[in-house]
A.B. asks: 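Starting off with a structure, shown below.
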Amino acid sequence: MKRKILLIPLALLLAISLVATGCAPAPEKVAYEGYVASLPEGCEPVPPECFEQAIEEGELYIYEWAEWWPDDIFDGFSEEFGIEVSRDYFASTEEVKTKFALYPETPYDLVTGLGISDAYPLQEAGAAGQINPDWIPNVLEYMPEELIEMEHDPGMQYSVPTDMYFTSYVYNKELVDDPRIPSWSVLFEPAEEFYGKVTLWDEIHEVIGAALKYLGYDYYSDNEAELMEARDLLLEVKPHLLVFDSWPRGLLLGDEAWISGLWYGDGWFLNDEYEAIVPALPTEGTNLGIDLAIHPIGSANPAAAHLFLNYLFRPEVNALHIESIWYPPVHTAVLELLPEEFLKVIALPEGYLAKCDPFDPRAVTGRGLELRIEIFEELKR
Amino acid sequence: MPRGACPERHEILRYAQNDTKRRAGNDKGMFFGSFQTAFRIVGEMPGNLREKIRKYLAKQAHLPSVGPVSIWTILFVIAPLGFILYFSFLTAGDFGQILPIFTLENYQALARPVVAEVFLRTLLFSLATTMICLLLGYPLAYFIVMYGGRWRIHLLLLVILPEWTSYLIRLYAIRMLSGRAGLINSALLSLGLISSPLGILYNPSAVVLTLVYGWLPLMVLPVYASLVGLNPSLLEASADLGATPFRRFFTVTLPLTKGGILAGIILVFIPCIGDWLVPLLMGGTKTFMAGNLVYLHFISAANIPAGSTIGVALTAIVLIIMYLCIKAGGKEATERII
Amino acid sequence: MKSLTGKTLLAIATLTYLFMWVPTITLIVFSFSNDKLGIRWEGFTLKWYAEIFNNAAVRNALEMSLIIAITTIVVSTLAGTVTAYGLYKYKFRGKEVIRMSLLLPIVMPYIVTAGALLVFFTRVVDIPLGYPSILIAHISFSTPLAVFIVLGRMQRIDWTLEEASMDLGAGRLTTWRRITLPLLMPAVIASAVLIFPWSFSDFTITFFVAGVGNTTLPIYVYSALRWGETAAVNAIGAIFVALPLIGLLLMNFFQKKRVI
Amino acid sequence: MENRESIPCVELRNLVKRFPGVTAVDHVSLKVEKGKVFSLLGPSGCGKTTALRIIAGLETMDEGDVLIDGKVINDVPAYKRDCSIVFQTLALFPHMTVEANVSYGLEQRKVPKDEIRKRVGEIIDLMGLGGMEKRRPSQLSGGQQQRVALARSLILSPKVLLLDEPLASLDRKLRKGMQVELKRIQREVGITFLYVTHDQKEALSLSDTIAVMDKGKLEQVGTPEEIYETPRTKRVADFIGASNIFPGKVIASGNGKVQLETEGGSRVIALENKDIRSEEVTGISVHPELVEVLPEGTGLEGDNRFRGKIVEMIYQGDFIETKICLDQTGGLITSYLNSRLGRETQFSPGEEVLVHWSPESSNILLG
């Protein structure tokens, strides 16, 4: 009797697994002429050989954050080109870094949502594949010159910027009334009443970089004295923290966290959902973060990857992207397509960008990295 | 953690490229390569030797049944462990590469106070979890055996069934249940038992309780099995000899179920030592455990050798504890393991 | 159960059951709530269940997890049963060594195993990260579970039954199929019942060794829940508790109290 | 017996089986006649079950041959041998009904379904199991389980049925009944039974031939009468229940009689046996029921008369087990006194008496 009882759930499981296995509709072949003709105005087509190859490849493997970029982008791409998009999700970019360091030819076609401090080590470890500039005319068309010629990757050989981010913090404006806002001090030297309501990132570069910035140093510093000062600051604030959590969304929405270290864009994203939560742009300045997409060397569908990047830089597609993630765009022509309310996201104080530090490899190599890991370990213990 | 003196960029690139080339080429990796060699050697053996081997194999009647899993275990359990041990003596490059430079620094670094503190905390949490599991699990198993009657199997299934939902999903369920706005707090608030929400989560006790929640079934199962295996007449006999139920329990039942208890302890204590998700999701700033330390070095810092070293130390601790348990419980502890 | 001991035991058992079931019950209840965070009760809805089938990511992850879990169950119970048979029936050198090394996967810290396997698969043998690596990892883990459960059952079996069958003219295979296997079946099924949740909800190891196109449900949940919504995930959780429960109830309903 | 030149049903030739540290079967040779009940009798651990299992093919021998119907079957696997075993534990398949248990063997032999049904019906009737077909073994009584086990083997009409203490698990009364039943079934089906038991009464009442085994060696083979009345060795005598054993040496012979001196120094007389050389004799045994107890006044003249003192009298129902301490040697001798006679003579413990048995009652032991 016992065994029959147990067989039933197993059988039911098998049944739903069969039901769950749906069939994808067979994609239709698309002609190059049709593609060029249907391109929105101002958009550049990929060359025919890239297009033909991409259609031939027929699939695209993407590694990204879950629930971040809207499905519509991928659905639209699939529909237009008949290329099946398959997505895997990571929970932190560190994980991506380790996986690629161990196995550089992991066969993803695109990895998106990497900050420079994540993408740079991948590039240096030889995991980032060369991007063919001839195959992404539309990206070049709308990419600001300074982002093409970034110091860590001149000529955009290994990575393509997709949006921008600032390391910042958010607070619940109904619960937190602190005249020091928007200074970093609200986060790093919280008023006593906010003890136990503050969260910091669970990520090495953000938590240390922001502390450095508050102390008036470079976000990417590798100066030992400066880093030690940042460590002391962090160890001082640690007893007053609730948790280290890079994604304290649930905590903020449930009023458990009142002040949280968080990226600026995510602050606005949350604000859209819970109006009391607002992001602050720290007066001391912060980093100038660029989210990048890389094209791993193990990619089996390079043309489809290029075609997708090209597609992503169509203004209306980019608008879809930016609108849903609330991050400042890198696309030069997307602003007019964004809704009015989006202006607050990109309305930076005069000269603010000058206070923001661009990426510096010193933070992710040698002594800079070693000290950071030591500090982080000390902090987390 | 030690890293190789930052090699020049071109050196690293060369290393990465060579590495990549090696993989892209025909080289099948050192492991499969050595297999091929082994096969070739066997193939080139003189006939009489092969005959001897064949005869020897014919005598090993157990091989068809035990062989495959043994080989599997050597390949995919013992070999990976061996390589972790090997890598723990190497040096990490800046970008997560494993540089073939021998070093003992990783092991010297184990002497850091951080490691001791984190390991001690881990042992403490695991011990607390195991004790609570035992205190809850034993009575539960005892209850099922003594009073379960024909519902025994059902009651036991009720212990296992929650496990059928993904552990992570349940962890998040606990989070939403115990948060400030969660069900527990709102219930207590509306009952007037508390005036402001309790901070249930993000502290050591939340971690321990969640670990108890996760591993309790693994305590109940072996204890249940050992209780069921008890001869009821033994209990009757000791009652007949005038033992009070209390004494009877401690002089007869408990010693006779020692194997089950030790198996339960092995099954709860050891996974706790390696857990990192619970402290990550439920813990605050003072619940960093050994598993998290491995994660920090392995993933966050992408320092495979350093992560391996801590992993090796952790495994060593686990094996010592298991050895002690088996010594204390004899063979029964391993036989009752499930 | 009138004694004080009985009452105390009942109380402890009830509380423990409550402790074990409250999270699951909450999960089931809130899977019907309109609140997309799955925290508050905001009216009844079934939309999260529909969401499971509409959200391709969730559906793929679920499918992936089921394929892996079912394959693991099949291979592990088979291999485990055969191995347990060999360990029980034959005397040979190194038996204890094999038994002890089979304990290793059970007792090793998951995160160490995960790291070890990742490094092993990528740096030592070129086993592609993906189904092969995940299945190897899951099978390595589940097989010992099956071995020990089946071994436990074997110690309680009357082995003359096997001899009786051979004596009555059944060959080795027939004996296995008609006598040994049916006798071992409860243990085989028990191992399947325990392996399923293990394989289905393993996060740590799968997360480390997963490759392209291998977002299993736990990986999806981990990735999505850190930021995204939980209600659809609640629905999945609810289904996996409810299905076996319903199965149990149905069986009980239709089955007269027959004793094995 | 000797003049029949038929091939034995089962024959063992020099069978040897060694387990680590012990030789379970030590050069055993024997022949089992067709259609008879042959018992292997011996204390537990004497190797009788091992021998049986070797015949069934469940165990391999280290040396020697097993023949069934004159053919060597050493390498024939268990499932192809023309014999069937009834286990001590019965080994009924717990997950099958009575019917399925019984038909299992026929199914393995690919017998057509109709015939299986017919034969199962017949055997179930023969065994008196009608109405139990759909039950599981756990729902049957001990005796019924016994019958199912027998039916399961008998239905195959094996050349020889091997029974490994099949009645051991039954209580005394049921055992008696089953013994009778077994005998009846054996007569009806005419199959050779090779019966292993440690119960000498069971062996005596059931068997046509008994082979007594001890420590892996065959001690004696013979009819029940031979085994009982003239046990050849001390071990057989002891095991069969002749508790009066006097080790000793032949010191004289003549007049159709031999005289032995026991270790205690007494002289006992037995009848001479031409087949026995006197050097081989190691002692004598006397069955307690053949030992007479006489009042003290009776004369000491004649053979095998000894003075003694009753030390113990145990009432056993149909007889009184009386233990007498012999004056001359200090040894004990047991006599079974008829209960009624005992009362008449009114012996009582402590009383000085005379014990006596006739030379015919002395059984010469050879080992």
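First the proteins, then the strands, lettered A, B, ... as listed; each starts at 1.
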A.B. asks: Using non-hydrogen atoms and a 4.5 Å limit, figure out which bit of B:Pro68 sits close to chain C: side chain, backbone, both or neither.
C.D. replies: neither
A.B. asks: Could you go step by step and tell me if B:Trp215 and B:Phe269 meet the side chain to side chain contact (heavy atoms under 4.5 Å, CB included) rule?
C.D. replies: CA-CA 9 Å; B:Trp215 300 108; B:Phe269 191 71; over 6 Å; no
A.B. asks: Check each atom of B:Leu177 against the heavy atoms of chain C and say whether the ones under 4.5 Å are side chain, backbone, both or neither.
C.D. replies: side chain
A.B. asks: Side chains of B:Ser88 and B:Pro305: closer than 4.5 Å at any heavy-atom pair?
C.D. replies: no
A.B. asks: Please state whether the side chain, the backbone, both or neither of B:Ile299 comes within less than 4.5 Å of a heavy atom of chain C.
C.D. replies: side chain
A.B. asks: Of the backbone (N, CA, C, O) and the side chain (C-beta and beyond), which part of B:Val159 lies under 4.5 Å from a heavy atom of chain C, both, or neither?
C.D. replies: both
A.B. asks: Answer with side chain, backbone, both or neither: which region of B:Pro271 has an atom nearer than 4.5 Å to a non-hydrogen atom of chain C?
C.D. replies: neither
A.B. asks: If contact means a heavy atom pair closer than 4.5 Å, which residues of residues 134-142 of chain C contact chain B?
C.D. replies: C:Ile136, C:Ile139, C:Ser140
A.B. asks: With respect to chain C, which residue among B:Leu168, B:Thr315, B:Ile84, B:Ile270 yields the maximal number of heavy-atom pairs within a distance under 4.5 Å?
C.D. replies: B:Leu168
A.B. asks: From C:Ile205 CD1 over to C:Met108 CE, what is the distance, rounded to the nearest 0.5 angstrom?
C.D. replies: 8.5 Å
A.B. asks: What part of B:Ser70 lies closer than 4.5 angstrom to a heavy atom of chain C: side chain, backbone, both or neither?
C.D. replies: side chain
A.B. asks: Looking only at heavy atoms and a cut-off of under 4.5 Å, which of B:Val318, B:Leu281, B:Val220, B:Ile321 has the most pairs with chain C?
C.D. replies: B:Val318
A.B. asks: Under 4.5 Å from any heavy atom of chain B, what part of C:Phe19 do you find: side chain, backbone, both or neither?
C.D. replies: both
A.B. asks: Does the plane of the ring in C:Phe240 sit parallel, tilted or perpendicular to the ring in C:Phe196? Use 30° and 60° as the thresholds.
C.D. replies: parallel
A.B. asks: Pick one of side chain, backbone, both or neither for B:Phe298, based on which atoms fall under 4.5 Å of a heavy atom in chain C.
C.D. replies: side chain
A.B. asks: Are C:Tyr110 and B:Trp276 an aromatic pair, judged by ring center distance below 6.0 Å?
C.D. replies: no
A.B. asks: Looking at B:Leu277, B:Val312, B:Leu209, B:Leu135, which has the largest count of heavy-atom pairs under 4.5 Å with chain C?
C.D. replies: B:Leu277
A.B. asks: Which bit of B:Leu136 is near chain C, if near means a heavy-atom gap under 4.5 Å: side chain, backbone, both or neither?
C.D. replies: both
A.B. asks: Any sub-3.5 Å donor-acceptor pair from C:Trp48's side-chain atoms to C:Ile236's backbone N or O?
C.D. replies: no
A.B. asks: Please look at C:Thr83 and chain B and tell me whether the side chain, the backbone, both or neither of the residue comes under 4.5 angstrom of a heavy atom of that chain.
C.D. replies: both
A.B. asks: For the candidates B:Ile174, B:Ile78, B:Leu158, which exhibits the highest count of non-hydrogen atom pairs separated by less than 4.5 Å from chain C?
C.D. replies: B:Leu158
A.B. asks: Does a side-chain heavy-atom distance below 4.5 Å link C:Phe207 with C:Thr216?
C.D. replies: no
A.B. asks: Within a strict 4.5 Å, meaning less than it, do heavy atoms of the C:Leu103 and C:Phe148 side chains meet?
C.D. replies: yes
A.B. asks: Is there a side-chain contact between B:Phe87 and B:Ile98, using heavy atoms and a 4.5 Å cut-off?
C.D. replies: yes
A.B. asks: Got a second to check how far B:Ile317's CD1 is from B:Thr122's OG1, nearest 0.5 Å?
C.D. replies: 8.0 Å
A.B. asks: Sort out for me which of B:Ile304, B:Ile144, B:Ile160, B:Leu81 touches chain C most, counting heavy-atom pairs under 4.5 Å.
C.D. replies: B:Leu81
A.B. asks: Identify which of B:Gly67, B:Gly291, B:Cys272, B:Pro162 forms the greatest number of heavy-atom pairs closer than 4.5 Å to chain C.
C.D. replies: B:Pro162
A.B. asks: Side chains of B:Ser308 and B:Leu85: does their closest heavy-atom pair fall under 4.5 Å?
C.D. replies: no
A.B. asks: Could you look at B:Leu171 and say if it's the side chain, the backbone, both or neither that has a heavy atom under 4.5 Å from chain C?
C.D. replies: neither
A.B. asks: Just so I know, are the side chains of B:Leu267 and C:Ile106 near enough to count as touching, which here means a heavy-atom distance under 4.5 Å?
C.D. replies: yes
A.B. asks: What part of B:Ile169 lies closer than 4.5 angstrom to a heavy atom of chain C: side chain, backbone, both or neither?
C.D. replies: both
A.B. asks: If I compare all heavy atoms of C:Ala69 with all of C:Ser199, which pair ends up nearest, and what's the gap?
C.D. replies: CA-OG, 3.3 Å
A.B. asks: Evaluate C:Tyr17 against C:Trp21 for ring pair (Phe, Tyr, Trp, His ring centres under 6.0 Å), listing each step before the verdict.
C.D. replies: CA-CA 6 Å; C:Tyr17 271 123; C:Trp21 276 89; 8.2 Å; no
A.B. asks: Quick one: does any side-chain atom of C:Ser65 pair with a main-chain N or O of C:Leu217 as donor and acceptor, under 3.5 Å?
C.D. replies: yes
A.B. asks: Let me know if C:Tyr220 has heavy atoms under 4.5 Å from chain B in its side chain, its backbone, both or neither.
C.D. replies: neither
A.B. asks: Of the backbone (N, CA, C, O) and the side chain (C-beta and beyond), which part of B:Leu280 lies under 4.5 Å from a heavy atom of chain C, both, or neither?
C.D. replies: side chain
A.B. asks: On the 0 to 90° scale, with breaks at 30° and 60°, tag the B:Tyr138-B:Tyr142 ring pair as parallel, tilted or perpendicular.
C.D. replies: parallel
